[in-house]
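Quick caveat: nothing in here was measured; it's all calculated off a predicted structure. So that the names make sense, note that chain A is the first sequence line, chain B the second, and so on, each numbered from 1.
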Amino acid sequence: MKKLINDPQDVVTEALEGIQLAHGDRLTVHYDPNWLVRNDAPIPGKVGIVSGGGSGHEPLHGGFVGPGMLDAAVPGPVFTSPTPDQVQPATKAVDSGKGVLQLIKNYTGDVANFEMAGELAEAEGTTQVKGVVIDDDVAVQDSSFTAGRRGVGGTVLIEKLVGAAADEGRGLDQLATLASALNGDVRSMGMALTSCTVPHAGEPTFSLAEDEMEIGIGIHGEPGRERMKLESADAVVERLLNPILEDLPFGSGDDVLLFVNGMGGTPLIELYIVYRRAAQLLADRGITVVRNLVGDYITSLEMAGCSLTLLKLDDDRVRLWDAPVNTPGLRWGV
Amino acid sequence: MKKLINDPQDVVTEALEGIQLAHGDRLTVHYDPNWLVRNDAPIPGKVGIVSGGGSGHEPLHGGFVGPGMLDAAVPGPVFTSPTPDQVQPATKAVDSGKGVLQLIKNYTGDVANFEMAGELAEAEGTTQVKGVVIDDDVAVQDSSFTAGRRGVGGTVLIEKLVGAAADEGRGLDQLATLASALNGDVRSMGMALTSCTVPHAGEPTFSLAEDEMEIGIGIHGEPGRERMKLESADAVVERLLNPILEDLPFGSGDDVLLFVNGMGGTPLIELYIVYRRAAQLLADRGITVVRNLVGDYITSLEMAGCSLTLLKLDDDRVRLWDAPVNTPGLRWGV
Amino acid sequence: MAGPTEAALAFVRHYAEVVHEHKSELTKLDSAIGDADHGENLDRGFQAALTQLPDDDAGADAVLKAVAMALVSKVGGAAGPLYGTAFLRASAALGEHEQLDGPAVLAALVAGEQGVIQRGKAEVGDKTILDAWRPGIEALEAALDEGASCPDALDRAAEAAEAGMADTIPLVARKGRASYLGERSAGHQDPGATSTALLFRALADTARAHADD
Amino acid sequence: MAGPTEAALAFVRHYAEVVHEHKSELTKLDSAIGDADHGENLDRGFQAALTQLPDDDAGADAVLKAVAMALVSKVGGAAGPLYGTAFLRASAALGEHEQLDGPAVLAALVAGEQGVIQRGKAEVGDKTILDAWRPGIEALEAALDEGASCPDALDRAAEAAEAGMADTIPLVARKGRASYLGERSAGHQDPGATSTALLFRALADTARAHADD
Ligand SMILES: Nc1ncnc2c1ncn2[C@@H]1O[C@H](COP(=O)(O)OP(=O)(O)O)[C@@H](O)[C@H]1O
Ligand SMILES: Nc1ncnc2c1ncn2[C@@H]1O[C@H](COP(=O)(O)OP(=O)(O)O)[C@@H](O)[C@H]1O
Ligand SMILES: [Mg+2]
Ligand SMILES: [Mg+2]
Ligand SMILES: [Mg+2]
Ligand SMILES: [Mg+2]
């Protein structure tokens, strides 16, 4: 797989340097350990919001650092959860005294590393930290037979809404409750037309034939639930949307945010074709799309494919969605 | 090449329907002929700004319809200039009486079709129309031996700046002059790691080996100036930036906007690696990057690759860049 | 012999079929040195034209004008304005002629060529439509001067157009999208010259088929 | 016989070399049922550990603790906390022991396993690190009970760990990233169990090499 990179070992460092050069007016990148923080952190009177995970999902999470969303982001190596060495300074840097909420995608590594960072923080006793785990992926059963559902597209929405709520001055417990509630009301599922290539691995993580697609993928390039023959966009949308609708469930009368996400290598024209069918199916079911998001927000390097995310909305959530946000990856109202 | 589409013949129509469903709160799509217009057009007292071209470059141009940028966009079939049938109603719909400025990318078809539309408009005599041709691509010689330089990345920047200037109430002649001046001060060059596949063609337009790249590409998937062995991102940046710098030329003391654009299939992490080197090289040359843009803004379906665009800035242009814009593809200040 | 309107209709229907059959080939040619849409574009235009053709007695010029309108409104790209203007000028030139005989067809082709040159400002050797069109016209003119029948003259025109099409292979493009490739455009046959050669051959075949009417 | 610190250092250096040599293999295993980073992650951690090792007289527990710190701060992913905690607990368990003999190594491994279980909450059969670790411990325990020498006992432990690693092939993963694949995870060897088997083998080889010291 061809890439626009230099030494594969330097991908994350160099991308961070690029992010610093491009967005240094609003955020600062720290190296060894790697973490990013908004320049005006900590914001007096506000709970700090931190998230992180492996790199390779840009703009998630570093691209969401700024007013209205994340105060700090913690980027691990490609597809590898960051370590407590990284989580700690990022967490402390955004604590104005009101505490810090960590939004943690549900992967064994992400949870364990944030947990270990939490143990160290408690030992130090200076920062009050709460963590909420995000696990919106319906492709995986949440049972004793799995490591639990992956945190995927819902992460973007939760980071935005919680970021806005933090801006409003809500306290740490309230924000944790909100994050949990949002996590309970959001569902996602993704698919891939191609795999992706982790820079140091040098070859795609899995191989699909010209007439195959992978259903129920995550964002780290691992194989999905099922491999099957490629279908039309409309058929793919049904394969993603139906499990989402049945799971929560979503039903007639619901107001939702419909998020069509590109995995990195799929062009925007196709994402709108996907959006069309998803919107039609929701309308058929009496579900009202009140807000939406279409584009590459939580990616898997150059993977071609898409994911659908549905979040149940209420007036408060709509207000939080509409609230100003000023990050490289998401911006409105300012 | 695998795509998330239904019938290849319906790609443009379905994508437009998706755009309508997603952004119907701010724009309206017309079909047969196809054109998009902001819902509040025409804006009293304001010159209308129209652009268009083949589809397949999303978000360009339809994604840039909204306050602060385009009043209307005209989308042809994939990689095919739209016809006067489309340009005409889009142009008339955004004329508040102050006239309409058409921003036309320099391709034989785009120019000819907008020209023919202009002839029909003059015949009707109702709308005053001026057209400015954008030709920022340094990969092509502007001589009697070519069809002239292609309009590429500079188009995004010109649409934004002219859109802001129109919002300020500048007149048609002033806006045409501004667009021309901007065109004179912007330069671009692109490269590809892979080709793209036009839906109805069913196969990539050209084929690169695993160790090859194409230098000096446009946005329609045609082969570039040169095919050569794949190089590192840093080397690629030099191959794109040096011709840009030498051409205008840009030199020490200049203030510029640095635009690193993804061709559609290249992930954001790589675009930041490209940005890093470009920013370093400019700094070495005493050129100050005052503003920037990084992401997929003028694409070529799923082509992997990037383009660099450099625009000379002054205070007026910086102000126009910072002015509010509210479109699906670009948004700030509102 | 078939009336001029019927002859023109027969030509348009035949050429539309030819374009449809060669859609893939034209697209492939336009991939090597272009953006892979020439075949699709022309096919779309001519399929639309088929639905907009006037009645059998409207006049050959009305037929060509209808085609022109369809091409201009449906083809887009470079080929839409070029071929659209060509058919429009050809239509106007036919207005003078009562029969669709050799001189009439020549006048239409000459006017059509002028339309292509007006829109595209190309010259012979630029590796475009013109590189098939001009040889076709010259051969038609010469054949008619020698007293050849209309079908025979159009046959020779088609051969010349096809030779011109093939002669675009070594050319370095100086107009159109292929010119962005510079020297790399050499070694590939021009798609527009190919659709033009197909047009001349369709003319010749139509004339031959109607020669006994 | 080498002092405990030197033995521990020798083991760490040897295992770091083994991990480095098997980086590609571990990454490949982690591609079939994971995200292709296990080899890279572990290698990064152990290369970092090599630069943070204490002096020859610091004590074996200090060596393992230094490794633990390096793993926790540099590896990330699932393996970082799991192996990091394992080495930390092993270090604590070694504190009681003066010699790095069979019972000491067993205690360290048992404590390490507890760390893995505490962090990961997996059970044998879940297709994880544990599926090589547990058999390794059981074989070591049995061998030491039978009076085997330390190198011989560790040899048997390594064989059992390797058998456990191979036995993960038909398992359906119930923990970790492979569990997202459901039934599709069967038929592939677990990367973590593989790096664990390599760890047991490195222990055995180090004990063998130092048997004559
Ligand atoms: N200036 C011109 N004059 C004459 N013919 C031209 C000119 N520019 C392009 N062409 C013809 O148009 C053909 C390409 O048509 P098409 O693919 O439909 O347009 P586009 O390049 O806009 O995709 C070329 O092969 C060439 O023959
Ligand atoms: N809960 C767990 N308990 C024990 N081992 C686990 C657990 N989860 C994952 N592992 C081990 O970790 C290995 C994967 O490690 P690694 O690739 O570094 O982490 P990640 O999945 O975060 O990329 C698996 O092969 C498995 O052996
Ligand atoms: Mg990982
Ligand atoms: Mg075209
Ligand atoms: Mg073309
Ligand atoms: Mg892994």
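- The OG atom of A/Ser144 lies 9.0 Å from the CD atom of D/Glu123; values are rounded to the nearest 0.5 Å.
- Within the 4.5 angstrom heavy-atom criterion, only backbone atoms of A/Asn106 (N, CA, C, O) approach chain D.
- Interface remark: A/Pro223 contributes backbone and side-chain atoms alike to the contact with chain D (heavy atom separation under 4.5 Å).
- From A/Thr205, atom OG1 reaches atom CG of D/Asp37 across 9.0 Å, with rounding to the nearest 0.5 Å.
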- Pair D/Glu40-A/Gln9, side-chain contact (heavy atoms from CB on, under 4.5 Å): steps then yes or no: CA-CA 10 Å; D/Glu40 189 74 16; A/Gln9 298 294 332; 2.9 Å; yes
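- Only the backbone of A/Glu226 comes within contact range of chain D, with heavy atoms under 4.5 Å apart.
- Heavy atoms closer than 4.5 Å to chain A are found in the backbone of D/Ala173, but not in its side chain.
- The most heavy-atom pairs under 4.5 Å with chain D, out of A/Pro77, A/Pro82, A/Ala139, come from A/Pro77.
- Between A/Glu214 and D/Arg184 a salt bridge is recorded (basic side-chain N to carboxylate O distance below 4.0 Å).
- For the pair A/Arg150 and D/Tyr180, the cation-pi test (distance below 6.0 Å, angle within 45°) is passed.
- With a 4.5 Å cut-off on non-hydrogen atoms, A/Asp110 does not touch chain D at all.
- Note that CZ of A/Phe145 is 9.5 Å distant from CG of D/Asp126, once rounded to the nearest 0.5 Å.
- Counting heavy atoms of neighbouring residues, nucleotides and ligands inside a 6.0 Å radius, atom CD of A/Glu122 does not exceed 12 of them.
- Interface remark: of the candidates A/Gly109, A/Cys196, A/Pro84, A/Gly109 forms the most heavy-atom pairs closer than 4.5 Å to chain D.
- Of the two parts of A/Ser143, neither the backbone nor the side chain holds a non-hydrogen atom closer than 4.5 Å to a non-hydrogen atom of chain D.
- Only the backbone of A/Val78 comes within less than 4.5 Å of a heavy atom in chain D; its side chain stays farther off.
- When the shell of 6.0 Å around OH of A/Tyr31 is examined, it contains more than 12 heavy atoms from other residues, nucleotides or ligands.
- Within 6.0 Å of atom NE2 in D/His20, 12 or fewer heavy atoms from other residues, nucleotides or ligands are found, so the atom counts as exposed in its surroundings.
- For D/Val172, no part sits under 4.5 Å from any heavy atom of chain A, backbone or side chain.
- Contacts between A/Glu119 and chain D at a heavy-atom distance below 4.5 Å involve the side chain alone, from C-beta outward.
- Within 6.0 Å of atom CG in A/Asp211, more than 12 heavy atoms from other residues, nucleotides or ligands are found, so the atom counts as buried in its surroundings.
- In terms of non-hydrogen atom pairs under 4.5 Å with chain A, the most contact-rich of D/Gly77, D/Ala78, D/Ser179, D/Gly76 is D/Gly77.
- Within a 6.0 Å sphere centred on CD of A/Glu124, heavy atoms belonging to other residues, nucleotides or ligands number more than 12.
- A donor-acceptor contact shorter than 3.5 Å links the side chain of A/Thr83 to the backbone of D/Ser73.
- Contact count versus chain A (heavy atoms, under 4.5 Å) is highest, among D/Lys74, D/Glu183, D/Arg44, D/Lys175, for D/Arg44.
- Using a 4.5 Å cut-off between heavy atoms, D/Ala32 contacts chain A through its backbone alone, with no side-chain atom that close.
- Exactly one of A/Thr108, A/Asn113, A/Val111 qualifies for a side chain to side chain contact (heavy atoms under 4.5 Å, CB included) with D/Pro81. That residue is A/Asn113.
- Rounding to the nearest 0.5 Å places OG1 of D/Thr27 at 5.5 Å from NE2 of A/His200.
- Neither the backbone nor the side chain of A/Gln141 comes within less than 4.5 Å of any heavy atom of chain D.
- With a 4.5 angstrom heavy-atom cutoff, A/Phe206 does not touch chain D via any of its atoms.
- Interface remark: D/Lys28 contributes side-chain atoms only to the contact with chain A (heavy atom separation under 4.5 Å).
- By the 6.0 Å contact criterion, NZ on D/Lys65 is open, its count of non-hydrogen atoms from other residues, nucleotides or ligands being 12 or less.
- Distance check: A/Met116 CE to D/Leu88 CG gives 7.0 Å after rounding to the nearest 0.5 Å.
- Separation of atoms CG (D/Leu181) and OG1 (A/Thr146) is listed at 12.0 Å; rounding is to 0.5 Å.
- No part of D/Ser185 comes within reach of chain A, as not one of its non-hydrogen atoms sits under 4.5 angstrom from that chain.
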